[in-house]
Amino acid sequence: MTGIHDPVLAWYDANKRVLPWREAGASPWAVMVSEFMLQQTPVNRVLPAYERWLARWPTPADLAAEAPGEAVRAWDRLGYPRRALRLHAAAQAIVERHGGEVPDDHAALLALPGVGTYTAAAIASFAFGQRHAVVDTNVRRVLARSLTGVAQPSISPTAADQRLAVSALPDDEATAARWAVASMELGALVCTARTPNCAGCPIRSRCAWVLAGSPPYDGPPRKGQTYEGTDRQARGRLLAVLRSASAPVAKAELDACWPDAVQRERALDGLVADGLVEPLARSRYRLPG
DNA sequence: CAACCGTGGCT
DNA sequence: TAGCCAAGGTT
């Protein structure tokens with residue numbers, strides 16, 4: 001399996017995208033911001049928000065000093081706005097517990113709000129050059145195909161995925177760090193979910209899935225996520241109104257953005273419970289101050 | 001652990 | 001067109 005390292009690393013050097021968080025001057029904080037934004041949001045949509053965010057808050061302390069609502073507003077339409085709240089809380093934790101510096105320790109990273117197994121490993125690897133299995137959906141797919149020989153990885157991450165990724169990690173720290181980005185980039189650009197570009201793949205001659213004749217996916221059906229008419233959509237509508245408002249918003253204005261009163265109240269209550277919306281006196285609402 | 005949590009582009 | 005998918009985390 002080590003046979004796949006060199007071709008993927010060489011492919012990466014020749015084909016990697018130029019991304020701001022990969023520049024030599026990118027700080028650990030910049031890497032961390034990018035990782036939060038990239039959780040379930042495509043690169044192209046992250047780029048503008050990322051640039052604005054770092055220009056405004058170049059250090060964790062800068063963000064920590066702001067009201068959380070400003071983070072939610074600056075999050076714009078990246079989706080899953082709780083990530084903005086968690087990034088803000090993580091910035092505060094970094095100031096309080098780590099002197100304002102993004103920690104380089106995996107366990108310390110994992111203890112931050114909004115940082116799970118993947119993000120902790122990604123920051124430790126990308127920002128600090130450490131050796132970690134950085135297992136995201138791209139890497140799971142690359143390993144599922146090239147090593148396991150199946151069209152798609154399991155629906156949700158498993159301990160087996162993690163073990164496989166650990167076993168595929170180069171021994172040398174610097175090489176492991178390069179492998180982490182490179183294997184992820186291969187999954188993003190070539191070994192894609194829908195229509196992989198196997199003709200352009202540096203390891204097609206060693207890929208277990210290709211060698212098996214590229215058999216189609218035969219696992220359980222993937223749950224298609226509906227969106228129309230869901231609480232999520234209602235929450236999105238409500239929050240969009242509050243994001244664009246510069247002053248507290250009257251309840252009546254929120255009522256106008258979603259017809260079903262029961263669902264609307266549930267969504268609003270949920271936003272308040274999540275800390276994304278702050279209720280004020282006289283039935284007015286705003287982003288948390 | 002399954003369900004929940006946004007938003008938009010692509011096929 | 002309607003689904004599928006996107007650098008996950010939390011409960």
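Protein chains get the first letters and strands the later ones, always in sequence-line order, with residue 1 at the start of each.
Counting only residues at least two apart or on different chains, the side chain to side chain donor-acceptor pair (under 3.5 Å) pairs with a member in residues 151-164 of chain A are A:Arg140-A:Ser154, A:Arg140-A:Asp161, A:Ser154-A:Asp161, A:Thr158-A:Asp161. Applying the ring-ring contact (aromatic ring centres under 6.0 Å, His included) rule to pairs touching residues 99-140 of chain A yields A:His106-A:His132, sequence neighbours excluded. Applying the ring-ring contact (aromatic ring centres under 6.0 Å, His included) test to pairs two or more places apart or on separate chains, those with a residue in residues 173-222 of chain A are A:His5-A:Trp179. The salt bridge (Lys or Arg N to Asp or Glu O under 4.0 Å) contacts involving residues 30-54 of chain A comprise nothing, where partners must be two or more places apart or lie in separate chains. A side chain to side chain donor-acceptor pair (under 3.5 Å) check over residues 78-94 of chain A, counting only residues at least two apart or in different chains, returns the pairs A:Thr41-A:Arg83, A:Tyr80-A:Arg232.
Note on A:Trp75: nothing from the nucleic acid sits closer than 4.0 angstrom, heavy atoms only. Using a 4.0 Å heavy-atom criterion, one finds that A:Thr192 contacts no nucleic acid atom at all. As judged by a 4.0 angstrom heavy-atom cut-off over every strand, A:Ala193 is placed among residues touching the sugar-phosphate backbone only. Nucleic acid contact for A:Leu19: base, since at least one base atom lies under 4.0 Å from a heavy atom of the residue. Looking at heavy-atom distances under 4.0 Å, A:Arg140 makes no contact with the nucleic acid at all.
Partners of A:Thr59 under the side-chain hydrogen bond (donor to acceptor under 3.5 Å, both in side chains) rule, at least two apart in sequence or in another chain, are A:Asp62. Under the rule for a salt bridge (charged side-chain N to carboxylate O under 4.0 Å, His left out), the partners of A:Arg73 that lie at least two apart in sequence or sit in another chain are A:Glu70.
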**Complete:** Reading nucleotides 1-11 of chain B from 5' to 3' and marking B where a protein heavy atom lies under 4.0 Å of the base, S where only the sugar-phosphate is that close, and - otherwise, the string is ----BBBS--S

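Comparing the C1' positions of C:dT1 and B:dG8 gives a spacing of 16 Å, expressed to the nearest Å. Nucleotides C:dA7 and B:dT11 are separated by 15 Å at their P atoms, to the nearest Å. Taking atom C1' in both B:dC1 and C:dT11, the straight-line distance is 10 Å, to the nearest Å.
With hydrogens and angles ignored, the 3.5 Å screen pairs no side-chain donor or acceptor of A:Arg97 with any backbone N or O of A:Ile94.
Put simply, chain A comes within 4.0 Å of DNA chain C, heavy atom to any atom, from C:dG3 to C:dT10, going 5' to 3'.
DNA chain C is contacted by both A:Pro113 and A:Ser34; A:Ser34 maps to the nucleotide lying nearer its 5′ end (nearest heavy atom per residue).
For the residue pair A:Ala127 and A:Pro28, the shortest heavy atom distance occurs at CB-CA, 3.9 Å.
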